[in-house]
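Input: a single structure, listed below in structure tokens.
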Amino acid sequence: MSEATTAPQVGTDLVKRGMADMLKGGVIMDVVTPEQAKIAEDAGAVAVMALERVPADIRAQGGVSRMSDPDMIQGIIDTVSIPVMAKARIGHFVEAQVLESLGVDYIDESEVLTPADYTHHIDKWNYTVPFVCGATNLGEALRRISEGAAMIRSKGEAGTGDVSNATTHMRKIRAEIKALTAMPEDELYVAAKELQAPLPLVQEIAKTGKLPVVLFTAGGIATPADAAMMMQLGAEGVFVGSGIFKSGDPATRAKAIVKATTFYDDPAVIAEVSRGLGEAMVGINVDEIPEPHRLAERGW
Amino acid sequence: MTTIGVLALQGDVREHVQALTRVGVEAVGVRRLAELEAVDGLVIPGGESTTIDKLLRIFELHEPLKARLADGLPVLGTCAGMIMLATDIIGGIDGQQTLGAIPMTVRRNAFGRQVDSSEVKLTWRPDGTDMDATFIRAPWVESFSDDVEVLAVDEAHGDRTVAVRHGNAIATSFHPEIVAPGATPDDRVHALLVDIVEGR
């Protein structure tokens with residue numbers, strides 16, 4: 001029998017966006033050591049985010065926050081078999097090149113790190129590795145997609161344990177998508193202008209009622225109920241940053257958040273997994289953070 | 001009407017539901033025992049196999065599903081689903097379990113990391129024509145018993161076995177459920193599952 005042969009096509013849209021599809025319904029956990037990565041994998045994480053300091057520590061310690069040490073990322077890649085993501089600074093295309101060369105499976109161009117460029121984000125089409133980017137609203141999400149992001153996460157206020165911003169941003173994105181689907185076609189031109197987003201993407205969303213890429217949520221998620229609420233608000237999966245390894249019993253809490261994300265619509269399961277988790281991360285109210293120090297406002 | 005479930009613990013459940021709907025069956029998510037008992041066939045989707053394995057056991061679906069598969073429940077597993085259907089895994093994590101519906105050894109993350117994920121053209125042997133296949137951190141079949149039928153081989157990666165059938169169970173390394181925007185879906189793999197369920 002003759003078999004068809006062509007060279008494999010890597011880094012296609014389908015392969016990049018499809019990778020995010022495989023993470024759906026799952027929890028991606030921030031880890032700072034190979035040991036934490038192992039705990040996350042054993043708890044049922046679908047991927048880990050390798051970084052040097054979790055957002056709560058970045059916030060506490062201040063200073064410029066950058067891509068992690070390649071040794072540390074390599075250590076995590078060598079330790080777990082699930083996908084490994086890592087963060088590059090907004091606009092820092094060389095950090096992204098380095099992360100791609102290390103073999104990370106997804107790059108998060110992240111507002112949690114200090115931006116490297118206050119005008120331009122990374123041109124993400126130039127990479128084989130896919131990117132996830134944060135967004136506080138639909139226009140921001142569509143601008144990132146037009147730059148090549150293959151996955152979007154709503155921004156919360158990272159490192160706070162306060163889920164209120166994540167809620168605001170998920171609701172905002174959902175409401176703006178819904179508004180587009182109800183709009184007459186001849187109003188989409190102005191809608192695109194107001195969203196500051198490309199018209200073809202706006203027209204596509206008006207038709208399909210969803211983003212063309214997977215939408216996760218992030219920022220301030222600390223409990224199983226937080227994760228389930230974000231899923232009920234339309235997130236397709238959850239990033240948990242400081243919420244796990246800044247809590248009293250990370251392994252138990254990690255497992256509980258994984259279970260609650262799968263059964264996000266079943267209060268009995270969420271109640272069951274929420275029992276006896278020990279201390280949640282202490283947390284900071286977003287309102288108490290002076291505006292220049294709010295991470296969600298980085299990126300545009 | 002034929003009802004085919006999609007194991008909905010984690011992964012690209014929606015894409016499989018859409019594919020099954022296109023081939024004319026009722027598609028439902030399966031997360032609970034009662035839901036599993038009500039279906040005529042099952043899809044185990046793409047996702048993270050270590051996560052799906054854990055959730056299957058935590059929510060006490062592993063044994064009942066294994067028993068239904070042993071009784072001949074028609075099943076399709078894609079990517080992580082292929083790993084779940086194997087008897088043995090290379091490159092799994094400590095304690096990772098499978099359902100053992102197909103006597104084969106599967107190598108996890110066989111093609112490499114995400115930067116090695118790719119689209120490939122291969123031949124779908126059941127009808128001898130081309131099929132576009134999308135591999136995402138995919139496994140391949142390392143070895144299999146004599147009664148396993150090979151449905152597709154990936155020549156571009158050195159003649160790797162990437163789709164197999166054993167009785168009522170089908171497994172693919174690639175994702176027939178994933179469709180590029182604007183492209184015409186190729187639902188032959190899902191149609192084969194429906195043929196098995198409906199006894200054709």
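Below, all heavy atoms of this structure are taken into account, side chains as well, without hydrogens, waters or symmetry copies.
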Taking C-beta and beyond as the side chain, do A:Lys259 and B:Ile58 meet within less than 4.5 Å on heavy atoms?
-> yes

Winner by heavy-atom pair count (cut-off under 4.5 Å) against chain A, out of B:Ile136, B:Asn109, B:Asp53, B:Val13 | B:Ile136

Of all residues at least two apart in sequence or in a different chain, which pass the salt bridge (Lys or Arg N to Asp or Glu O under 4.0 Å) check with B:Arg107?
-> B:Glu142

Highest number of heavy-atom pairs under 4.5 Å with chain B among A:Gly25, A:Gly237, A:Pro212, A:Gly44 belongs to A:Gly44

Of B:Asp186, B:Asp132, B:Asp154, the one forming a salt bridge (Lys or Arg N to Asp or Glu O under 4.0 Å) with B:Lys121 is B:Asp132

Pair count under 4.5 Å, heavy atoms only, with chain B: among A:Arg17, A:Glu100, A:Lys24, highest is A:Lys24

Pick whichever of A:Val214, A:Val104, A:Ile77 has the most heavy-atom pairs under 4.5 Å with chain B.
-> A:Ile77

Side chain, backbone, both or neither: which part of B:Leu9 has a non-hydrogen atom closer than 4.5 Å to chain A?
-> both

Residue part contacting chain B, namely of A:Asp13, when any heavy atom lies under 4.5 Å | neither

Going by distance alone, is a donor N or O of one side chain under 3.5 Å from an acceptor N or O of the other, for B:Ser118 and A:Gln9?
-> no

Inspect the surroundings of CG in B:Asp147 and state if more than 12 heavy atoms from other residues, nucleotides or ligands are less than 6.0 Å away.
-> yes

Residue from B:Arg108, B:Lys54, B:Gln10 passing side chain to side chain donor-acceptor pair (under 3.5 Å) with B:Ser49 | B:Arg108

On the 0 to 90° scale, with breaks at 30° and 60°, tag the B:Phe174-B:Phe135 ring pair as parallel, tilted or perpendicular.
-> perpendicular

Side chain, backbone, both or neither of A:Ala43 within contact of chain B (heavy atoms, under 4.5 Å) = backbone

Counting only heavy atoms closer than 4.5 Å, note whether A:Glu236 contacts chain B via side chain, backbone, both or neither.
-> side chain

Give the member of A:Gly18, A:Gly26, A:Pro83 that has the highest number of heavy-atom pairs under 4.5 Å with chain B.
-> A:Pro83

Side chain, backbone, both or neither: which part of A:Lys255 has a non-hydrogen atom closer than 4.5 Å to chain B?
-> neither

Near-ring test B:Phe59/A:Phe263, centroid separation under 6.0 angstrom = yes

So which of B:Val115, B:Val120, B:Thr134, B:Thr129 has the largest heavy-atom pair count under 4.5 angstrom toward chain A?
-> B:Val115

Could you label the plane-to-plane angle of the B:His16 and B:His190 rings as parallel, tilted or perpendicular, counting under 30° as parallel and over 60° as perpendicular?
-> tilted

Where on A:Val80 is there a heavy atom nearer than 4.5 Å to chain B: the side chain, the backbone, both, or neither?
-> neither

With chain B, the option among A:Val258, A:Thr262, A:Asp105 that has the most non-hydrogen atom pairs under 4.5 Å is A:Asp105

Is B:Glu177 close to B:Thr78 at the side-chain level, that is, under 4.5 Å between some pair of heavy atoms?
-> yes

B:Thr50 portion near chain A, given a 4.5 angstrom heavy-atom threshold | side chain

Cut-off 4.5 Å, heavy atoms of chain B, and the answer for A:Ala47 is neither

Looking at A:Asp266, A:Val129, A:Thr128, A:Ile82, which makes the most heavy-atom pairs under 4.5 Å with chain B?
-> A:Ile82

Chain A contact via B:Arg137 - side chain, backbone, both or neither, heavy atoms under 4.5 Å | side chain

Contact part of B:Ala133 toward chain A, heavy-atom cut-off under 4.5 Å: side chain, backbone, both or neither?
-> neither

Does a sphere of radius 6.0 Å around CD in B:Glu60 hold more than 12 heavy atoms from other residues, nucleotides or ligands, not counting ones at 6.0 Å or beyond?
-> no

